[in-house]
Engineer: 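Dropping the structure in here first, questions after.
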Amino acid sequence: MRKVLIALLVMSSGIVSAKTPAGKLLDRICKLQKVGIMIGHQDDPVYGAEWKWERGRSDVMETCGDYPAVMGFDLGAMELGSDKNLDGVPFDRMREEIIAQHKRGGIVTLSWHPWNPVTGENAWDKTGNAVSSVLNGAQKSRFDGWLTILSWFIGSLKTECGEPVPVIFRPWHEMSGGWFWWGKDSCTPEEYKQLFIYTYKTLVEKGCDNIVWAYSPNLGVDDFMKYYPGDEYVDMLGIDVYDFEHNNKTYTDNLTRELDTLSKYGSEHKKPIALTETGSQQLQYDNWFTEVLYPIVSRYPLVYVLFWRNAHDNPKELYISYPKHPTAPDFKRFHDLKNTLFVKDISKIH
Ligand code: BMA
């Protein structure tokens, strides 16, 4: 009888039950939401503004003395069987850094910029009706193969003791923009939802019980729930909002409007919320972190804020401070604020 009850409990709460690694991460996320806002950075330990591939480095740690609480990595090109992602990050190194981040008490989030399966071009090629082709058409078996490869990688995220490492997975992001083959110009909301659900069901069937699933459109409040696959398939809600124009006023207005909406949906659907990608491109304003970003984000119950990558080969893609950058003193002040959380702040909270 007890066994039956436990089985029923696990089934009724879906894959994210308290028993799974994902369930434990989700519980921890909800706990941390009450403590402060975790600060995250994409590709943090693999390259920075002025270095690449050296071990033990991090622009964040070198600027403020601690690693980010959340590290983001991208799986794009894994589906092709490549040993490096679209930005040249070797997947073996990525696995090593994901496990290291878990062991230091931090959290990991994965995004995915897969190639267009119909045209063989990158994620930004919107042509070919790729979503309908992977769901019901000529590319279905290829896509199944892609998900198998992803499931191997996600399933291989384990410590040396065999403990699974849970991750926040944020597939099919920024669909409400028209720049990806899964975006608004290339499929209907219904097709998008099917794509998300198919991805969820397939990875779950393949045993990936270490995934917390995030739904993450880009700014555009009217469309926020237009592509939502449903509460059953989503554990967290997020939004991607950037300042590409070096305009603090526009960014403040955009972010405020988007976070108002995000937090409304978060409480309606009882899902934790995050600013899943952000940054002020090239960081032109020295006090941006404490004077522009912080006054806005501190008003919302955000679980984390993830700054995008400091691309070593493209000075335009600079989103977080490094020691020599004029924003470094401000980033230190940002780090010292009581409710910005870096890895040492969360490592004991489980
Ligand atoms: C995008 C840009 C690209 C990059 C991709 C995946 O937003 O930063 O240069 O290749 O993310 O990291």
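Residues: numbered from 1 along the sequence shown.
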Engineer: Applying side chain to side chain contact (heavy atoms under 4.5 Å, CB included), name anything that partners R104, two or more places apart in sequence or on another chain.
Structural biologist: Y67, M71, A100, Q101, V343
Engineer: Taking the six-membered ring for Trp and the full ring for Phe, Tyr or His, determine whether the centres of Y227 and Y215 are under 6.0 Å apart.
Structural biologist: no
Engineer: How would you list, by chain and number, every residue that makes a side chain to side chain contact (heavy atoms under 4.5 Å, CB included) with K348, sequence neighbours excluded?
Structural biologist: none
Engineer: Less than 6.0 angstrom separating the ring centers of W288 and Y251, yes or no?
Structural biologist: yes
Engineer: Quick one: do the D243 and T250 side chains pair a donor with an acceptor below 3.5 Å?
Structural biologist: no
Engineer: With a 4.0 Å cut-off on N to O distance, would you call K103 and E160 a salt bridge?
Structural biologist: yes
Engineer: Report yes if the distance between the aromatic ring centroids of F224 and Y265 is under 6.0 Å, otherwise no.
Structural biologist: yes
Engineer: Would you find a donor on one side and an acceptor on the other, under 3.5 Å apart, between the side chain of T202 and the backbone of Y198?
Structural biologist: yes
Engineer: Please state whether the rings of W146 and W112 are parallel, tilted or perpendicular, taking 30° and 60° as the class boundaries.
Structural biologist: perpendicular
Engineer: Looking at residues at least two apart in the chain, or sitting in another chain, which of them share a side chain to side chain contact (heavy atoms under 4.5 Å, CB included) with P301?
Structural biologist: Q33, S263, I273
Engineer: Could you tell me whether the side chains of Y285 and E291 share a donor-acceptor contact shorter than 3.5 Å?
Structural biologist: yes
Engineer: Using only atom types and a distance under 3.5 Å, with no angle test, would you say the side chain of Q42 pairs donor to acceptor with the backbone of F307?
Structural biologist: no
Engineer: With sequence neighbours excluded, what pairs up with F334 under the ring-ring contact (aromatic ring centres under 6.0 Å, His included) test?
Structural biologist: F289, F331
Engineer: For the residue pair W53 and Y47, categorise the inter-ring angle as parallel (less than 30°), tilted (30 to 60°) or perpendicular (more than 60°).
Structural biologist: perpendicular
Engineer: Listed by chain and number, what are the salt bridge (charged side-chain N to carboxylate O under 4.0 Å, His left out) partners of E205, not counting sequence neighbours?
Structural biologist: none
Engineer: What residues, two or more places apart in sequence or in another chain, satisfy salt bridge (charged side-chain N to carboxylate O under 4.0 Å, His left out) together with D185?
Structural biologist: K126
Engineer: Under a plain distance cut-off of 3.5 Å, with no hydrogens placed, do T290 and R333 share a side-chain donor-acceptor pair?
Structural biologist: no
